[in-house]
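Reading through the structure tokens given below for one structure.
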Protein chains: 2
Amino acid sequence: MKTNAALSALTEALRRLPGIGPKSAQRMAYHMLQHDREGARQLSHALSEAVEKVRHCERCNTFTEETLCALCMNAGREQHLLCVTETPADMLMIEQTLAYKGLYFVLMGSLSPLDGIGPKEINLGKLISRATDGVVTEVVLATSFNNEGEATAHYISEMLKARGIRVSRLARGVPVGAELEYVDVGTIARALLDRRTT
Amino acid sequence: MKTNAALSALTEALRRLPGIGPKSAQRMAYHMLQHDREGARQLSHALSEAVEKVRHCERCNTFTEETLCALCMNAGREQHLLCVTETPADMLMIEQTLAYKGLYFVLMGSLSPLDGIGPKEINLGKLISRATDGVVTEVVLATSFNNEGEATAHYISEMLKARGIRVSRLARGVPVGAELEYVDVGTIARALLDRRTT
């Protein structure tokens, strides 16, 4: 409809959100205009604020509003341990375990040559200089256990070992709480290979 | 993380979109900040523009930026036919069929007493005065064929028939292109009851 440029523009803009197709975008636009104009105002403000303020931590690459993120500035963390994750979300998951007290480096992606994502796009140069600063002694690779994540871990591992840095990888095995009957065969095979003496 | 107020505010605001939970909101926020800041700016602008400009057509209740929507202002439409839909999306679907040349009334919802949506919330008073303006001779009910939509259609039908307006409902039956084997029994039963002499 010709008289609805603002509504069409909103529906179009919502489609730029990941995973949102034309039907969802239309539903969202109608919902916000009909039932939650205050929410729409809030979202508009939050978007422009975030675009304005959020940048990357100069040390670990995660999102932050300062030069360095809160974690990198925390002198209480173990400075010789560096955990490499693909995304800030993965980093938050590891923080939630309370099982890790070191620092982080966030790649903001994983190697995927077919999508044009090479070593440069995931900041590997920055990771190398960070890991070889003389303080870091061990790099823990916590990339995903899918093809891209494994390839990324392998590539980083080779590069860092060549520079004399100790590299480790999150353990693979049967998930906590899992019943063997329902675990996939590949995972059980890996858990057998990596079995530990108790 | 304390240094990330803008990022948290964005994730929170994204959760006000319908169907978006915490994980999706986080993923959207990261994606927009990492890969599409221009899209985030556009969405921010589109939201505030739409909140500012979009209102309801005074005649048919759909979204528009003018006093009357383009359809209501179109003198070429059949003025005596009024089609009642639940949402502007449903109205667009009917327009796409090119099988209807009359005007519309958009309820912006359907009766749902348990959710506190009564006759007033879906503008039934406005519909009654619109349908009894002396020009409209037939009201076509195009609410959904679920419980709420059927109840809404029944309620409107009773009210309008009491005022001497002819009321019709979209036909129920087997969808075009459907193979009987895969159509639900209720639909086939209804199609049998409503069978037409050819």
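Please read these numbers as outputs of a predicted model, since none were measured by experiment. So that the names make sense, note that chain A is the first sequence line, chain B the second, and so on, each numbered from 1.
Taking non-hydrogen atoms and a 4.5 Å limit, the residue list of residues 29-55 of chain A in contact with chain B, ordered by number, reads A/Y30, A/H31, A/M32, A/L33, A/Q34, A/D36, A/R37, A/E38, A/G39, A/A40, A/R41, A/Q42, A/L43, A/S44, A/A46, A/L47, A/S48, A/E49, A/A50, A/V51, A/K53, A/V54, A/R55.
Of the listed residues (A/C72, A/C69, A/P88), just one forms a side chain to side chain contact (heavy atoms under 4.5 Å, CB included) with A/T64, and that residue is A/C69.
Of the listed residues A/S24, A/A13, A/G19, the one with more heavy-atom pairs under 4.5 angstrom with chain B than any other is A/A13. Chosen from A/T11, A/L10, A/T87, A/L7, the residue pairing most often with chain B at heavy-atom distances under 4.5 Å is A/L10.
Two different hydrophobic clusters hold A/Y100 and A/V84 under the rule that ILVMFWY side chains link at heavy-atom gaps under 4.5 Å. Grouping the Ile, Leu, Val, Met, Phe, Trp and Tyr side chains by contacts below 4.5 angstrom, directly or via other members, places B/V106 apart from B/L124.
Side chains of B/L82 and B/E138 form no contact here, defined as non-hydrogen atoms less than 4.5 Å apart.
If you check the side chains of B/T152 and B/E86, you find no donor sitting under 3.5 Å from an acceptor.
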Are B/E58 and B/K126 close enough, and set up right, to give a salt bridge (charged side-chain N to carboxylate O under 4.0 Å, His left out), and what steps lead you there? CA-CA 9 Å; B/E58 289 192 358; B/K126 198 171 160 188; over 6 Å; no

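Using modelled atom types, one side-chain atom of B/R169 and one backbone atom of B/T143 make a donor-acceptor pair closer than 3.5 Å.
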